[in-house]
Colleague: 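Here it is: the structure, laid out below.
As the structure lists them, so they are numbered: ligands from 1, and atoms in each ligand from 1. All values below come from the heavy atoms of this structure, side chains included, with hydrogens, waters and symmetry mates left out. For this chain, numbers begin at 1 and follow the sequence in order.
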Amino acid sequence: MARKKLIAGNWKMNGLLADGVELAKGVAAEVKAMGKPECEFLVCPPFTLLTSVKKALRGAKVALGAQDAHFNTKGAHTGDISPEMLKDVGCQYVILGHSERRADHGESNELINKKAVAAHQAGLKTVICIGETLEERDSGKTIDVCSKQIMGSVPDDSTAADTVIAYEPVWAIGTGKTPTANDVEEVHAAVRKVLAKKLGKGNANKMRILYGGSVKPGNAKEFLSLPDVDGALIGGASLKVADFMAIAKNSGC
Ligand code: PGA
C-alpha cells in the first residue's frame with residue numbers, strides 16, 4: 001500500500017512576522033524547485049503567522065496547518081481558536097494532542113477526541129499526536145500507552161483521508177535523543193494494528209503514521225525508510241529551511 005510521505009514542520013511558539021515569512025518563503029522556493037516532489041509538505045506556524053505564511057506559500061505545494069484548535073465553532077472561549085477560523089485563513093491541517101499540550105494544558109484523550117471531531121467537521125485534516133514518557137518506556141509500557149492514546153483520542157469515524165497519526169516519544173522531543181529504528185518500527189506496526197481494530201483494515205493500511213522527536217537531516221533516512229513510517233513531524237529542524245529540506249531530500253522526497 002503506497003502511502004505518500006508527509007514532511008511536516010511544527011514551528012511551535014517560534015517566529016515573529018519577519019522570520020516566519022522568510023522561513024515560509026524559503027520552504028516554498030525549495031519545494032517549487034523540486035518540481036513534482038514524491039512527498040507532501042506541511043508547515044504549522046503559530047496562529048499569529050497563519051495568514052502571512054499562507055501568502056508566502058502561494059503557488060507552492062506546501063499545506064498550512066495550525067498547532068491546536070478548540071472543539072466549539074465559536075463563542076465565549078477567551079484565547080481559543082476554532083477549527084472554522086483555521087479553515088477560514090487557509091489551513092488544511094491542525095495538529096492535536098501534541099505532548100506539549102497534553103503536559104502544559106492537561107489535555108486528555110477525551111478532549112483531543114472532541115477537538116478532532118470538530119476539526120473534521122470543519123473540513124480540516126488532523127495530525128493526532130501520541131507517545132510515551134521516559135518513565136513509561138522504562139517500565140515497558142510504550143505500546144500500551146500508545147494504544148490507549150489511539151483508542152481514546154482518535155474519533156471512531158476517522159479515515160485515512162482526514163487523519164494522520166504522529167508517534168512522538170516525549171523523551172525524544174527536542175532532546176537529540178531518539179529510539180532505535182527497530183523500536184520505532186515496532187511501535188508504528190503496533191499502532192497500525194490498533195488503528196485496524198478501531199477503524200478497519202482499509203483505513204489503517206492507508207493512514208499515515210509519522211515519526212517525530214529529534215528528526216534531523218542525519219537520521220531522517222534511517223527512520224523514514226522504515227515500512228510503517230510515513231513521514232516526519234519535525235520541530236527544531238523545521239525552523240531552518242536547509243535542515244527541513246535536507247530531511248525531505250534524505251527521505252527520498
Ligand atoms: P523536535 O520536535 O523535532 O524539536 O524534537 C518534534 C515535535 O515536538 O513535534
Colleague: Would you check ligand 1 and list the protein residues that come within less than 4.0 Å of it by any heavy atom, ordered by chain and number?
Modeller: N10, K12, H98, E168, A172, I173, G174, G213, S214, L233, I234, G235, G236
Colleague: Return yes when atom NZ of K198 has more than 12 non-hydrogen atoms of other residues, nucleotides or ligands closer than 6.0 Å, and no otherwise.
Modeller: yes
Colleague: According to the salt bridge (charged side-chain N to carboxylate O under 4.0 Å, His left out) rule, which pairs have a member within residues 28-38, sequence neighbours left out?
Modeller: E30-K249
Colleague: Of the options R208, K4, R192, which is the one that meets D230 in a salt bridge (charged side-chain N to carboxylate O under 4.0 Å, His left out)?
Modeller: R192
Colleague: Are side-chain heavy atoms of T180 and E186 found at a separation under 4.5 Å?
Modeller: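 Contact flag for T180/E186 side chains = no.
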Colleague: Name every donor-acceptor pair, under 3.5 Å, that has one atom in a side chain of residues 41-54 and the other anywhere in the protein, sequence neighbours excluded.
Modeller:
from : atom 1 : to  : atom 2 : distance (Å)
K54  : NZ     : G90 : O      : 3.4

Colleague: Give me each pair satisfying ring-ring contact (aromatic ring centres under 6.0 Å, His included) with a member in residues 132-170, each pair once, sequence neighbours excluded.
Modeller: Y167-H188
